[in-house]
Amino acid sequence: MAGEMTLTRPGQVNGAGADDALFLKQYSGEILTAFTEKNVMMGLHLIRQITKGKVTQFPATWKTGAAYHTPGDRVAGAQTVKHNERLIYIDDVLLSDIFVAQLDELRQEDDYRAIYSEQQGAALAKAFDQKTQQVAILAARAAATVSGGFGGTEVTSANAKTTAADLVSAFAAAAQAMDEKDIPEDGRYATLKPAQYYTLLGSDKVVSRDYDVGGSIRNGKISMLYDIDLIKSNNVPQTDLSGTTEAAENNTYYADFSNVVCPVFHKSAIGTVKRLDLTVQKTADDGDFAVEYQGILLVAKY
């Protein structure tokens, strides 16, 4: 059965060399591990859980009208409401799988399985954040869903990635566009990479008490700008993904994002359909798989 599994060897240094180099003669009580990727998008958009099916319909409606009533005339329901829909499909199962040889576990005291499971969850959280932020940008580029309604808006600024004043002005333009399209003020968000987030902190308008926008160099945080909640994320797409394809995905996620500074969106701009929540599985120590391959398989999936 040799060659069927790609081993993760916790005893190796950076995946190379002796397979027991990191195993301690005396337990130190400490393990250094990567920081968990932070999922920021889960609470910033519409999520619907389903128990069956492969696609879910999100109804879309537009505004109705109003007219003066002439005394004596019959009220006949003359106003109409236009309807359309957005369909969100279930993608295939996304998983992170790690195989650890039982021999390596016997030669060290640390519970690497718990650490690996945490990192697997972080990998899936990263993928979730990346895809949903890509969808937010695609929504800004999309036409109106309902005839007569509003499509997305792209705000262009040559130096918004690097210049605080230009980035602040771009946010003003984004807030204005949302106001002009009657987008509710509650539920407006923007995700920024650390480079752009801290660029904003360099603006006198952001940190000045006169402008009262809640920015502070002391704590390194900005809560809001032009009534848009600001959230720091390493998963803002800023590369060209137009050539990316994935057969397991049944929705559109990819485009050229190389000129993107940050997505600014309302929570109703994005929808997620969940068929399977995040699940972490492992083979039992005495399970059939462990007997056959003499190791433990860890799988995180959604």
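Counting from 1, the numbers follow the sequence of the chain as shown.
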Please set out all donor-acceptor pairs under 3.5 angstrom arising from side-chain atoms of residues 149-161, sequence neighbours excluded.
residue : atom : partner : partner atom : Å
Thr153  : OG1  : Lys181  : NZ           : 2.4
Glu154  : OE2  : Arg141  : NE           : 3.2
Lys161  : NZ   : Ser258  : O            : 3.2

Residue pairs passing the ring pair (Phe, Tyr, Trp, His ring centres under 6.0 Å) test where at least one lies in residues 152-179, sequence neighbours excluded: none

Those residues that, when tested against Gln79, pass side-chain hydrogen bond (donor to acceptor under 3.5 Å, both in side chains) (two or more places apart): none

Linked hydrophobic residues, Val273 as query - side chain contacts closer than 4.5 Å: Leu46, Ile50, Phe58, Ile88, Ile90

Distance in Å, Thr244 OG1 paired with Phe257 CZ, rounded so as to fall on 0.5 Å steps: 9.0 Å

Non-neighbouring partners of Thr252 that pass side-chain hydrogen bond (donor to acceptor under 3.5 Å, both in side chains), sequence neighbours left out: none

Residues Gln130 and Gln134: side-chain donor-acceptor under 3.5 angstrom: no

same_hphob_cluster(Val146, Met178) at 4.5 Å side-chain heavy-atom cutoff: no

Residues that Tyr89 engages under side-chain hydrogen bond (donor to acceptor under 3.5 Å, both in side chains), provided they are two or more places apart: none

Residues forming a ring pair (Phe, Tyr, Trp, His ring centres under 6.0 Å) with Phe128, sequence neighbours excluded: His45

For Val135, side-chain contact (heavy atoms from CB on, under 4.5 Å) partners two or more places apart: Tyr253, Ile270

With His266 via ring pair (Phe, Tyr, Trp, His ring centres under 6.0 Å) - residues at least two apart: none

Contacts of type side-chain hydrogen bond (donor to acceptor under 3.5 Å, both in side chains), residue Arg86, not counting sequence neighbours: Thr145

Name of the residue among Val236, Asn235, Val261 meeting side-chain contact (heavy atoms from CB on, under 4.5 Å) with Lys193: Val236

Result of checking Leu200, Ile231, Val264 against Leu192 for side-chain contact (heavy atoms from CB on, under 4.5 Å): Leu200

Contact list for residues 53-70, test side-chain hydrogen bond (donor to acceptor under 3.5 Å, both in side chains), sequence neighbours left out: Gln57-Glu85, Lys63-Asp182

CG-CZ distance between Asp91 and Arg275, expressed to the nearest 0.5 angstrom: 14.0 Å

Ala127: side-chain contact (heavy atoms from CB on, under 4.5 Å) partners, not counting sequence neighbours: Leu94, Tyr302

